[in-house]
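This structure is a prediction, so every number in the text was calculated from the model and none was measured. What's counted below: heavy atoms across the whole structure, side chains too, no hydrogens, waters or symmetry copies.
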Amino acid sequence: MSAASHLSRGGARRNWRGYALIGGVLLVTALVIGAPVAAVFVQALSQGLGFALKSLADPDTRAAIWLSITVAVIVVPINTVFGIAAAWAIAKFRFPGRKLLLAIVELPFSVSPIVAGISYLFVYGGQGLFGPFLEAHDLKIMFALPGIILATTFVTAPFVARELIPLMQLQGNGDEEVAATLGAHGWQTFFRVTLPNIRWGLLYGVVLCNARVLGEFGAVSIVSGNIRGETNTLPLHVELLYHDYNAAGAFAAAAVLTLVALVTLFDKTILERVTGSAGALHGS
C-alpha cells in the first residue's frame with residue numbers, strides 16, 4: 001500500500017468522524033432546543049392566530065406584559081450603571097478588597113434565584129428584619145413592584161459587569177494615561193476615552209441583561225405574591241394560565257418571551273460580529 005493511499009484513507013476516516021460528530025450535535029440541538037422552541041409557536045397557534053391575539057389582549061396578560069416592561073425599564077439602567085462602575089473600578093484600579101468586590105459582583109451567578117427571593121423575603125417581608133419598620137411607616141416592598149425590582153436587580157446584576165471587566169482588562173490603561181497627560185480629568189477621560197472603547201461590549205451586556213430581566217421567574221415568584229393582574233410578570237403569568245388549563249393562552253404568552261429570546265440571540269450575533277470586526281481593526 002502506498003503512503004499516499006494510506007494518508008487518503010486516514011483523511012477519509014477523520015472526515016467521517018467529523019461528519020458524525022457534527023451530525024450528532026445537530027441532532028441533539030434539534031431535539032433539545034429546536035423542537036421545544038418550535039412547539040411553543042405551534043401550540044400558541046393551535047387555536048388560530050385570532051385566539052392567540054385575543055389571549056394577548058386579555059387584561060391580565062396585558063398587565064403582566066406591562067409589568068415586565070416596567071421592571072426592565074427600571075432594572076436595566078440600574079445594572080448598566082452598576083456594571084460600568086464595578087468594571088471600571090476592578091479593571092482600571094488596584095485597591096484592597098478588589099478580589100472581594102469581584103467575587104461579590106459574580107455572587108448572583110452562584111446563588112439560586114429562589115434562594116435570593118427567600119433572602120429578600122426574610123429581610124423586607126412582614127416578619128423580616130425590616131418588616132416592623134416598613135409596616136410602621138406604611139411602606140410595602142414585598143408582594144409589590146419594589147420587591148420585584150430588588151429581586152430582579154440582584155439576579156441580573158452581573159451581566160453588564162461580566163462583559164466589561166475582561167474587555168477593560170484587555171484594553172489596559174494606556175489610553176487613559178495618555179488622556180491624563182494631556183490634561184483630561186476623570187470624567188472627561190471616562191466619557192471621551194473609556195466609554196467609546198467599551199461601547200460594543202456595553203451594548204452586548206445590556207442586551208443580555210434585558211433578556212434575563214424579562215425572563216426571570218424564580219426570585220420574582222417568591223417576592224411578587226403572584227397577584228393576578230398586579231404583581232404577575234409575564235413568566236409568572238404563563239405558569240398561571242397553564243395551571244388554569246388555558247394551554248393555548250399560556251403558549252401565546254410564552255411565544256412573546258420566545259420572540260424576545262430570538263431577537264436577543266440575533267442582536268447578540270450581530271454585536272459579536274461588530275465587536276470582532278472592531279477588535280480586528282484595533283489590532284491592525
Side-chain angles (χ1 to χ4, degrees), residues 55-83 85-86 104-105 107-161 206-244 246 249-250 252-258 260-261 264:
S55 298
L56 294 177
D58 178 79
D60 289 342
T61 302
R62 284 191 285 110
I65 293 173
W66 281 114
L67 179 59
S68 293
I69 293 174
T70 300
V71 173
V73 167
I74 296 172
V75 170
V76 173
I78 291 174
N79 279 337
T80 299
V81 174
F82 168 76
I104 293 174
V105 168
L107 181 63
F109 278 152
S110 304
V111 176
S112 167
I114 296 292
V115 173
I118 293 175
S119 298
Y120 276 108
L121 195 61
F122 277 106
V123 174
Y124 299 106
Q127 305 300 319
L129 180 63
F130 299 123
F133 173 83
L134 295 172
E135 187 174 354
H137 292 79
D138 196 26
L139 298 173
K140 190 171 184 179
I141 294 181
M142 293 296 99
F143 313 134
L145 179 61
I148 297 174
I149 291 173
L150 281 173
T152 307
T153 300
F154 175 86
V155 172
T156 60
F159 280 89
V160 174
V206 169
V207 167
L208 295 181
C209 180
N210 182 69
R212 187 69 176 86
V213 167
L214 294 175
E216 172 53 29
F217 180 89
V220 174
S221 68
I222 300 296
V223 304
S224 69
N226 295 298
I227 304 173
R228 190 190 295 263
E230 294 184 22
T231 63
N232 263 356
T233 58
L234 191 54
L236 298 181
H237 190 63
V238 170
E239 183 190 43
L240 180 66
L241 290 173
Y242 192 77
H243 287 168
D244 286 345
N246 184 3
V256 175
L257 292 172
T258 306
V260 170
T264 300

Is there a side-chain contact (heavy atoms from CB on, under 4.5 Å) between V71 and L214? Walk through the geometry before answering. CA-CA 8 Å; V71 173; L214 294 175; over 6 Å; no

Could you tell me the separation between the [atom1] atom of [X] and the [atom2] atom of [Y], rounded to the nearest 0.5 Å?
X: S221; Y: I148; atom1: OG; atom2: CD1; result: 10.5 Å
X: I65; Y: H237; atom1: CD1; atom2: NE2; result: 8.0 Å
X: S68; Y: N232; atom1: OG; atom2: CG; result: 9.0 Å
X: T233; Y: N226; atom1: OG1; atom2: CG; result: 8.5 Å
X: I78; Y: C209; atom1: CD1; atom2: SG; result: 10.0 Å
X: E135; Y: K140; atom1: CD; atom2: NZ; result: 10.5 Å

Short question: side chain of [X], backbone of [Y] - any donor-acceptor pair under 3.5 Å?
X: T61; Y: L56; value: no
X: T152; Y: I149; value: no
X: E216; Y: G218; value: yes
X: R212; Y: T156; value: no
X: D244; Y: N246; value: no

Of the non-hydrogen atoms in [X] and [Y], which two are nearest, and what is the gap between them?
X: V213; Y: A72; value: CG1-CA, 3.6 Å
X: L236; Y: T231; value: CD1-O, 4.1 Å
X: Y120; Y: V223; value: CB-CG1, 4.2 Å
X: E239; Y: F217; value: OE1-CZ, 3.4 Å
X: A254; Y: V238; value: N-CG2, 3.7 Å
X: A219; Y: V155; value: CB-CG2, 3.8 Å

Assess whether side-chain contact (heavy atoms from CB on, under 4.5 Å) is satisfied between L129 and F122, documenting all intermediate values. CA-CA 6 Å; L129 180 63; F122 277 106; over 6 Å; no

Residue pairs meeting ring-ring contact (aromatic ring centres under 6.0 Å, His included), one or both in residues 131-151, sequence neighbours left out, come to F133-H137

- Query: So, do V160 and L208 sit near enough that their side-chain heavy atoms are less than 4.5 Å apart?
  - Reply: no

Across all chains, not counting sequence neighbours, the side chain to side chain contact (heavy atoms under 4.5 Å, CB included) partners of E230 are I227

Which of N79, T80, I74, V73 passes side chain to side chain contact (heavy atoms under 4.5 Å, CB included) with V76? Answer is T80

Centroid separation F82 to F159 less than 6.0 Å:
no

